[in-house]
Amino acid sequence: MTLMIGIPKEIASGEKRVATVPDVVEKLIKLGFKVAVESGAGDAANCSDDVYRAAGAEIIDGAAKLWAASDIVFKVCVPTSAEVDLMREGGTLIGFIWPAQNPELMQQLAVKKATVLAIDSLPRQLSRAQKMDALTSQAGVAGYRAVIEAANAFGRFFNGQITAAGKVPPAKVFIAGAGVAGLAAIGTAAGLGAIVRANDTRAEVADQVKSLGGEFVKVEYEEEGSGGGGYAKVMSEGFQQAQREMYAKQAKEVDIIITTALIPGKPAPKLITAEMVKSMKPGSVIVDMAAERGGNCELTEPGQAVVKHGVTIVGYTDLNSRLAKQSSTLYGTNLFRLTEELCKTKDGIINVNMEDDAIRGLTVIKEGNITWPAPAPKLPAAPAKPAAAKAAAPAAKGHGHGGSNEPMAGGKLAVMFGVSALLFLFVGAYAPAAFLGHFTVFVLACFVGYMVVWNVTPALHTPLMSVTNAISSIIAIGALVQIAPLIMGSVDRPDNLIRWLAVAGITLTAVNMFGGFAVTQRMLAMFRK
């Protein structure tokens with residue numbers, strides 16, 4: 001029997017997102033499902049009823065009818081108690097649940113004998129789960145929007161400009177927390193031309209910050225901050241004190257602060273104190289992305305943008321809804337990818353396979369039985385390190401000179417030199433005298449060209465350029481030897497044609513070498529600010 005997927009209208013205050021969009025509806029129908037959408041559900045996300053109809057969805061008036069007709073319900077916000085009452089007994093609910101924060105809701109859903117998949121409980125450490133990771137997709141949207149809100153509240157350009165009316169310095173942006181939302185904010189702010197700095201308790205994100213054009217600001221205190229599931233952990237008091245000192249210094253220097261710090265199941269940590277706000281320059285901006293959990297700033301008012309001590313503090317809790325179409329598209333795609341995993345047979349029937357680590361982690365209630373929290377997923381075993389005994393064995397054969405490879409390499413080198421010596425002896429014995437001079441120049445040019453060019457730092461040229469420059473240097477050195485008589489004044493020799501050809505060769509080689517480096521510098525400049 002083909003199952004019906006229902007998309008109700010979100011009733012949370014200020015929520016403009018919808019659980020799926022028309023483009024995704026078409027894909028769900030191809031999996032064998034029927035799709036019903038409550039009338040007006042997508043209006044705030046620029047998805048009209050007519051567009052849903054054109055995609056193949058049925059439009060149902062009224063939430064009660066929609067919930068009663070649906071075997072599976074896709075939701076964005078946590079369902080209210082009234083919405084659960086409308087749910088069909090034994091039905092399936094997929095969306096944000098936050099089971100640790102909503103124990104009463106969990107009990108109410110269990111009474112309904114529902115099967116509930118909480119998208120927020122996805123084991124994010126599984127690589128195959130990334131396509132279903134709605135937390136990541138929504139955090140990316142929020143990070144982008146946070147920068148847009150900061151730019152709206154800020155009184156200057158983000159990028160520096162020199163105009164006829166004067167010079168405008170670039171804005172300085174500090175981002176506290178370099179998770180998904182923080183990295184999205186870094187990339188957006190850097191793209192707008194700001195000078196971006198960022199900090200995170202997880203040292204491994206430093207390279208990610210730099211790759212997006214930001215500067216990683218390190219706390220002068222050694223402690224590892226990685227927690228489970230891609231989140232940061234609660235740090236020691238010593239680290240927190242050092243971190244506060246660093247934040248206080250940044251608050252005095254920067255124009256905009258964006259905070260993203262959250263710890264699962266706990267109130268948002270207070271990172272920006274009232275004293276730090278007072279120390280900021282008038283006209284500065286703070287965007288507190290953790291406002292919904294109490295905020296990272298002591299003066300944040302959730303849901304509001306307020307001005308305190310001359311600083312605008314933005315505490316909006318609906319950043320995703322301010323980009324409703326984009327957020328809904330990404331979220332709908334996440335749910336579609338999850339549905340693909342639940343319906344691999346493409347017959348419109350789902351199979352909640354509790355042997356699948358990703359599905360098991362998502363499933364917080366199975367047919368009325370609370371299954372949350374899920375056991376830790378089975379991660380692939382780390383590759384085994386070579387046994388110490390095996391590593392020691394070659395060293396013993398090497399007689400204390402770096403292992404068995406060195407004698408072997410030395411032997412090959414000796415053979416190569418021996419063969420080369422015999423070759424040179426043969427050439428010297430039988431080749432004409434004129435040839436010997438040219439041959440000597442050729443060998444020396446090859447050696448010097450290799451040593452000069454191939455020892456240049458690889459960062460200064462591409463692999464192709466290193467080869468062409470090596471060849472060019474061989475030509476240049478050979479040509480220099482040929483034009484030596486011209487330099488010394490011997491211009492009446494009969495082979496002067498060769499000398500002038502050598503001059504032309506040096507000219508063309510110089511154009512190739514220096515032009516190649518110039519082109520490389522222009523290519524590198526494309527990736528610099």
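Values below: all heavy atoms of this structure, side chains included; hydrogens, waters and symmetry mates excluded.
The pair E237-R244 meets the salt-bridge criterion, with a side-chain N (NZ, NE, NH1 or NH2) lying under 4.0 Å from an Asp/Glu carboxylate O. Of the charged side-chain nitrogens involved, at least one lies within less than 4.0 Å of a carboxylate oxygen, so that K75 and E10 count as a salt-bridged pair. Contact check on K249 versus E245 returns no salt bridge, with no Lys/Arg side-chain nitrogen under 4.0 Å from an Asp/Glu carboxylate oxygen. Of the charged side-chain nitrogens involved, none lies within less than 4.0 Å of a carboxylate oxygen, so that D357 and R360 do not count as a salt-bridged pair.
Not counting sequence neighbours, the partners of D318 by the side chain to side chain contact (heavy atoms under 4.5 Å, CB included) test are Y316, S321, R322.
Once rounded to the nearest 0.5 Å, the distance linking CG of D288 with CD1 of I257 reads 10.5 Å.
Nearest heavy atom pair, residue I119 against residue L335, reads CD1-CD2, 4.0 Å. Listed here is the closest heavy atom pair of L105 and P79: CD1-O, 3.7 Å. Minimum heavy-atom separation, L299 to K308: O-NZ, 3.3 Å. Annotation for A129 and P123: closest pair CB-O, 3.7 Å, computed over non-hydrogen atoms. Across A45 and S328, no two heavy atoms sit closer than the pair CB-OG, 3.9 Å. Between V219 and Q243 the shortest heavy-atom distance is CG1-N, 3.7 Å.
Remark: K113 NZ is loosely packed, at most 12 non-hydrogen atoms of other residues, nucleotides or ligands lying under 6.0 Å away. Within 6.0 Å of the NZ atom in K270, the count of heavy atoms belonging to other residues, nucleotides or ligands exceeds 12.
Side chain of D200 to main chain of G177: no donor-acceptor pair is present (N/O by atom type, distance under 3.5 Å, no hydrogens or angles). No donor-acceptor distance shorter than 3.5 angstrom exists from the side chain of K366 to the backbone of T371, with no hydrogens or angles considered.
With contacts defined as side-chain heavy-atom distances shorter than 4.5 Å, the pair I272/F174 does not qualify. For the pair D120 and I97, the minimum side-chain heavy-atom distance is below 4.5 Å.
Checked by atom type, the side-chain pair Q130/T136 shows no donor-acceptor distance below 3.5 Å.
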Where do E341 and K131 land on the salt bridge (Lys or Arg N to Asp or Glu O under 4.0 Å) test, with the steps shown first?
-> CA-CA 11 Å; E341 294 294 317; K131 61 185 179 181; 2.8 Å; yes
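Below 30°, between 30° and 60°, or above 60°: for F96 and W98 the angle between ring planes is below 30°, a parallel geometry.
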